[in-house]
A.B. asks: 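After the structure tokens below, expect a handful of questions from me.
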Amino acid sequence: MGNYLVAMEAAWLVRDVEEIDDAIGVAVSEAGKRLNSKNMEYVEVEVGATGCPACGEPFDSAFIAADTALVGLALEMEVFNADGEEHASRIAKSEVGGALRDVPLSVVEVFEVPEDD
């Protein structure tokens, strides 16, 4: 049994928005509210990063078309006493997916967290 940090990404749709910063703020706020209402304050929520195809530099993962934004959110949570990376991944996706119903969610990376002695 080990402890794991599970990083996920979610695709959040924001309607009636004109500015990228507004879309990001709304997406992070709404996701946080939904998680907090399920007592999941331990899940970290922030805007994701996408690499520029030309230079490789990361930029905020958000796109607006027709006053509708798609914002990529990065979510992280620690899973304790999992049997392995796959088990930790399933636990995290189940927990977060239950709070963020109808939001596309995928696991990006899983890191084993060393135990403190």
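Quick note: residue numbers are just sequence positions, from 1.
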A.B. asks: I need the F59 CZ to I20 CD1 distance, nearest 0.5 Å.
C.D. replies: 9.5 Å
A.B. asks: Taking atom CE of M77 and atom OH of Y42, what is their separation to the nearest 0.5 Å?
C.D. replies: 4.5 Å
A.B. asks: Which heavy atom of L73 sits nearest to which heavy atom of A27, and what is that distance?
C.D. replies: CD1-O, 3.9 Å
A.B. asks: As an exercise, state the distance from CG of L35 to CD of E30, rounded to the nearest 0.5 Å.
C.D. replies: 12.0 Å
A.B. asks: What is the distance from atom NZ of K93 to atom CG of L100, rounded to the nearest 0.5 Å?
C.D. replies: 12.5 Å
A.B. asks: Check whether any side-chain heavy atom of E41 sits under 4.5 Å from a side-chain heavy atom of V43, and report yes or no.
C.D. replies: no
A.B. asks: If you count the non-hydrogen atoms of other residues, nucleotides and ligands that lie under 6.0 Å from CD in E112, is the total more than 12?
C.D. replies: yes
A.B. asks: With a 4.5 Å heavy-atom cut-off, do E85 and S89 have their side chains touching?
C.D. replies: no
A.B. asks: Can you check whether N81's main-chain N or O pairs, donor with acceptor, with N3's side chain at less than 3.5 Å?
C.D. replies: yes
A.B. asks: Around atom CG of N36, are there more than 12 heavy atoms of other residues, nucleotides or ligands at under 6.0 Å?
C.D. replies: yes
A.B. asks: Looking only at atom types and distance, does a side-chain atom of S94 sit under 3.5 Å from a main-chain N or O of I91, one as donor and one as acceptor?
C.D. replies: no
A.B. asks: Do you reckon V103 sits in the same ILVMFWY cluster as V6, going by side-chain contacts under 4.5 Å, direct or chained?
C.D. replies: yes
A.B. asks: Distance check, rounded to the nearest 0.5 Å: D60 atom CG versus E46 atom CD?
C.D. replies: 10.0 Å
A.B. asks: Find the distance between CD (E9) and CD (E109) and round it off to the nearest 0.5 Å.
C.D. replies: 10.5 Å
A.B. asks: Could you go through K38 and E95, starting from their C-alpha distance and side-chain angles, then the distance that decides it, and tell me whether this counts as side-chain contact (heavy atoms from CB on, under 4.5 Å)?
C.D. replies: CA-CA 10 Å; K38 301 286 185 180; E95 289 285 315; over 6 Å; no
A.B. asks: Provide the closest heavy-atom pair for V17 versus V14 in the form atom of the first, atom of the second, distance.
C.D. replies: CG1-O, 3.8 Å
A.B. asks: Are L70 and L75 connected in the hydrophobic side-chain network, where two residues link if heavy atoms are under 4.5 Å apart?
C.D. replies: no
A.B. asks: Is there a path of hydrophobic side-chain contacts, each under 4.5 Å between heavy atoms of I, L, V, M, F, W or Y residues, that connects Y4 with F111?
C.D. replies: no
A.B. asks: Taking atom CZ of F80 as the centre, report whether more than 12 heavy atoms of other residues, nucleotides or ligands fall under 6.0 Å from it.
C.D. replies: yes
A.B. asks: Kindly indicate, with the supporting measurements, whether the criterion side-chain contact (heavy atoms from CB on, under 4.5 Å) is fulfilled by L105 and V96.
C.D. replies: CA-CA 9 Å; L105 183 68; V96 173; 3.9 Å; yes
A.B. asks: Would you check, one step at a time, whether the test side-chain contact (heavy atoms from CB on, under 4.5 Å) holds for L5 with V110?
C.D. replies: CA-CA 6 Å; L5 181 65; V110 180; over 6 Å; no
